[in-house]
Structure formats: structure tokens, C-alpha cells
Protein chains: 2
Amino acid sequence: MKLSEFELDVMQLLWQHEPCTAAQLHERLSQSKKVAYTTVKTIVDRLEQKGAVARAGQQGKSIIYRSCVDQSTLSDQATPGFMQRFFGGDSRSLIAHFIKQEELNEDDIAYLQSLLKDKKQAK
Amino acid sequence: MKLSEFELDVMQLLWQHEPCTAAQLHERLSQSKKVAYTTVKTIVDRLEQKGAVARAGQQGKSIIYRSCVDQSTLSDQATPGFMQRFFGGDSRSLIAHFIKQEELNEDDIAYLQSLLKDKKQAK
DNA sequence: ACCTATCTACTACATTTGTAGAAATGAAAA
DNA sequence: TTTTCATTTCTACAAATGTAGTAGATAGGT
């Protein structure tokens with residue numbers, strides 16, 4: 001399933017607060033971006049057509065939506081293309097990039113170290 | 001600078017074999033995808049308009065192109081959006097995802113471990 | 001039962017993207 | 001020098017994307 005950036009932004013919000021209505025999604029989105037309610041509703045409609053969300057009931061006249069795909073499914077699909085296009089397919093430099101750029105607390109670091117250790121063991 | 005997927009595919013090839021002509025890019029691309037020469041040339045033209053590549057000379061009637069932006073600049077720009085949209089902004093789970101999914105040899109693992117160690121030290 | 005505010009459904013439109021043909025051009029061959 | 005063939009330029013077009021207005025329906029208040 002291929003979703004656009006805006007569609008993913010909406011999915012992100014839905015994953016975090018599902019189930020919810022288009023109005024609620026609009027409200028959350030408005031916190032980071034000026035956008036009309038109908039715009040958000042259009043995106044939700046497209047997500048429904050694509051099968052990424054579905055109706056899960058009503059609340060007054062409002063439709064309650066839930067997601068039909070989960071984040072990890074979509075990120076699994078998107079990951080290889082991203083790695084290829086931005087890091088020439090070199091996973092090591094991609095991971096290195098993120099380790100260097102991102103904020104990580106000691107817990108995070110310990111967790112990632114343990115993952116690497118497992119990875120090494122598994123050889 | 002915002003580039004499309006296809007544009008990035010071409011940039012990727014250019015970065016790897018620069019400087020080169022549109023015909024050479026077309027030839028490389030053809031190895032992974034059936035596409036007309038003029039299609040590739042159109043993409044190169046658009047990249048030129050966007051300022052991502054520039055003419056670096058001629059070879060007979062062919063124009064030689066070089067890149068004007070580098071991979072790391074573009075990946076720096078693309079990274080936050082990707083992380084937000086596919087991992088809800090959680091860098092730890094993104095890095096974990098890649099460590100788990102990707103092939104890494106012992107060297108890679110050692111290198112990444114040292115990066116994590118540095119990161120910890122820097123605190 | 002009626003009004004009204006709100007929500008949905010439908011339509012619209014500019015821009016970007018993927019895709020490629022047609023026409024013009026110019027370097028190289030004959 | 002004339003022809004030819006690769007290249008460039010220009011044009012085109014459908015689909016996807018971001019963006020939103022309008023009209024129609026309806027739940028809830030009075």
C-alpha cells in the first residue's frame with residue numbers, strides 16, 4: 001500500500017488516538033499546520049478508498065474511523081526504498097546516520113547495544 | 001530541495017558514477033527498470049531546473065552532468081519526515097527496526113557499537 | 001415538528017510526477 | 001558537403017497529491 005505524505009500524517013495521528021472522527025483528526029493536525037476541515041476529510045476518504053482505514057461506528061452524525069494497517073507494516077514496506085534512495089542501499093551508513101543525528105538517552109543506547117549484541121550472537 | 005522518487009533514483013546513479021551523460025544514466029537505469037531514454041532525459045532536465053544537477057561539459061553532442069547536492073544533504077533533509085511519518089518520530093524504534101531488518105556483518109556491528117559507545121560518552 | 005449547526009458527499013482545480021512521442025539540431029560519417 | 005543518426009528540446013498527458021468549496025443530509029436542541 002502506497003500512501004502520500006499527507007495521508008501518512010493522518011495515519012500517524014490515527015494510530016496514536018484511534019478510533020476517532022475526522023473532526024478530531026482535523027483538530028490534532030491543526031496544531032501543527034493550518035488546514036481546512038474538508039481537506040482532512042478528503043484525505044480520510046482517500047485512505048478509506050485505499051483500504052487503510054475503515055468505519056468503526058458513528059457518534060452523532062460523525063463517522064468514527066479506525067486503521068486497517070499498522071505502522072510496522074507500512075514502515076516495512078517503505079524502508080527499503082528509503083534506504084536505497086537516500087543511502088544508496090547502505091544500511092550501515094543509514095543506521096550510523098541516525099545514531100549520530102538523533103537524540104538518544106542512556107536507556108535507548110543500552111537497548112540498541114543489546115540488539116547489536118544479539119545480532120552478533122546470531123551469526 | 002524536494003525530489004521525487006524517480007528523481008532520487010537518478011541522483012543515486014549520478015552520485016555513483018558522476019560525471020556522466022543522460023545516455024549513461026539511462027543505460028544504468030535500464031538494468032533495473034524498463035524505461036525510455038526520453039523519460040530519463042526528462043527527469044535529468046527537471047533535476048537541472050531544480051538545481052540538483054548541472055552541466056559539466058560536452059562529449060560530442062551529449063551533455064555531461066554532475067550533481068550539485070550531495071547525498072548527505074538530501075538525506076539530512078528527508079530523515080526527520082521519514083522518521084515522523086513511519087515511526088511516529090521515535091528514533092529509537094527506527095534504529096531498532098533497521099538493526100533487526102538489515103544484513104550487517106561483524107565489521108558493521110563493531111562500527112555501530114563504537115558509535116553507540118561514543119554517543120554514551122558524550123553525555 | 002422545525003430549525004440550525006455540523007458533518008458527509010461530491011466536485012473542482014492547480015501542481016507534481018511518471019511516462020514518452022515529435023521535432024529540431026548538430027556531430028560525425030561517407 | 002550532404003546525409004544520417006544520436007541527442008536535445010519541446011510538448012503532451014494521465015494519475016496522484018494537496019487543497020478546499022458547495023450542496024445536501026441529519027442529529028439534536030427548542
Side-chain angles (χ1 to χ4, degrees), chain A residues 1-14 19-66 74 77-78 81-82 84-86, chain B residues 1-14 19-66 74 77-78 81-82 84-86:
Chain A
M1 180 173 338
K2 182 80 185 300
L3 302 184
S4 73
E5 296 194 348
F6 197 165
E7 285 165 351
L8 284 166
D9 290 340
V10 171
M11 286 307 290
Q12 197 56 238
L13 255 13
L14 185 60
C20 69
T21 67
Q24 289 167 334
L25 291 170
H26 174 237
E27 162 137 23
R28 305 257 181 200
L29 253 189
S30 298
Q31 281 164 22
S32 52
K33 172 184 188 181
K34 186 190 161 315
V35 62
Y37 165 75
T38 47
T39 301
V40 176
K41 184 56 164 66
T42 298
I43 295 297
V44 172
D45 290 344
R46 288 179 186 165
L47 285 170
E48 192 185 4
Q49 276 171 0
K50 293 190 180 186
V53 309
R55 293 166 185 228
Q58 297 236 146
Q59 191 174 67
K61 66 226 122 169
S62 300
I63 299 163
I64 298 174
Y65 293 93
R66 63 174 178 81
L74 288 190
Q77 283 168 25
F82 179 78
Q84 177 55 41
R85 298 199 166 91
F86 287 101
Chain B
M1 182 173 336
K2 182 79 184 301
L3 303 184
S4 74
E5 295 194 350
F6 198 167
E7 285 165 352
L8 284 166
D9 290 340
V10 171
M11 286 308 288
Q12 198 56 238
L13 256 12
L14 185 61
C20 70
T21 67
Q24 290 167 334
L25 291 170
H26 174 238
E27 163 138 23
R28 307 256 182 202
L29 253 188
S30 297
Q31 282 164 22
S32 53
K33 173 183 189 181
K34 186 188 160 316
V35 62
Y37 166 75
T38 48
T39 302
V40 177
K41 184 57 163 66
T42 299
I43 296 298
V44 172
D45 291 345
R46 287 180 186 164
L47 284 169
E48 192 184 3
Q49 275 170 0
K50 293 189 181 187
V53 308
R55 295 168 184 226
Q58 298 235 147
Q59 192 175 65
K61 64 228 120 170
S62 301
I63 299 162
I64 298 173
Y65 293 94
R66 63 175 178 79
L74 287 190
Q77 283 169 25
F82 179 78
Q84 177 56 39
R85 298 197 168 92
F86 287 99

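When the side-chain nitrogen and oxygen atoms of A:K41 are compared with OP1 and OP2 of C:dA9, one or more of them lie within a distance under 4.0 Å. Between B:S4 and C:dG18 there is a side-chain N or O to OP1 or OP2 distance below 4.0 Å. Using a 4.0 Å cut-off, some side-chain N or O of B:K33 falls inside it from OP1 or OP2 of C:dT19.
Nearest heavy atoms, A:S30 versus A:H26: OG-O, 2.7 Å.
A distance-only check finds no donor-acceptor pair linking the side chain of B:Q49 to the backbone of B:R46 [under 3.5 Å]. Of the possible polar contacts, none joining the A:T39 side chain to the A:V35 backbone as a donor-acceptor pair under 3.5 Å is found. Proximity of a side-chain donor or acceptor of A:Q12 to a complementary backbone N or O of B:Q84 within less than 3.5 Å is detected. Looking at A:Q24, its side chain does come within 3.5 Å of a backbone N or O of A:T21 through a donor-acceptor pair.
Looking at the side chain of A:E5, the nearest of the listed nucleotides D:dC10, D:dG18, D:dT22 is D:dG18. Here C:dT17 is the nucleotide among C:dT17, D:dA20, D:dT9 with the atom lying nearest to any side-chain atom of B:R46. Counting only heavy atoms from C-beta on, A:T39 has its side chain closest to D:dA20 among D:dA20, D:dT9, C:dT19. Each of C:dT19, C:dA9, C:dC10 was ranked by its minimum atom distance to the side chain of B:F6; first place goes to C:dT19.
Ranked by how close their nearest DNA chain D nucleotide is to the 5' end, A:A36 and B:Y65 are led by B:Y65. Nearer the 5' end of DNA chain D, as judged by each residue's closest nucleotide, is the contact made by B:E48, out of A:I43 and B:E48. Where B:K50 and A:A23 each meet DNA chain C at their nearest nucleotide, the meeting point lying more 5' is that of A:A23.
Rounding to whole angstrom units, NE2 of residue B:H26 and C1' of D:dA6 are separated by 13 Å. The separation between B:D45 atom CG and C:dA20 atom C1' is 13 Å, rounded to whole Å. Note: CD (B:E27) to P (D:dA6) measures 14 Å, nearest angstrom. Atom CG in A:L47 sits roughly 16 Å away from atom C1' in C:dA9 (whole-Å rounding). Atom pair B:Q49:CD and C:dG18:C1' shows a separation of 15 Å (rounding to whole Å applied). The distance between atom CZ of A:R85 and atom C1' of C:dT17, rounded to the nearest whole Å, is 12 Å. Atom CG in A:D9 sits roughly 10 Å away from atom P in D:dT19 (whole-Å rounding). Atoms CG (A:L3) and P (D:dT17) sit 8 Å apart, rounded to a whole Å.
Nucleic acid contact class of A:T21 (heavy atoms, under 4.0 Å, all strands): none.
Using a 4.0 Å cut-off between charged side-chain N and carboxylate O, B:E5 and A:K2 make a salt bridge.
For B:E27, the CD atom is loosely surrounded, since the number of other residues' heavy atoms within 6.0 Å does not exceed 12.
Near DNA chain D, meaning a heavy atom under 4.0 Å from it, residues 57-64 of chain A has A:G60, A:K61 in order of number.
Side-chain atoms of A:T42 and base atoms of D:dA20 include a donor and an acceptor less than 3.5 Å apart.
Among residues at least two apart or in separate chains, side chain to side chain donor-acceptor pair (under 3.5 Å) pairs with a member in residues 51-60 of chain A are A:E48-A:R55.
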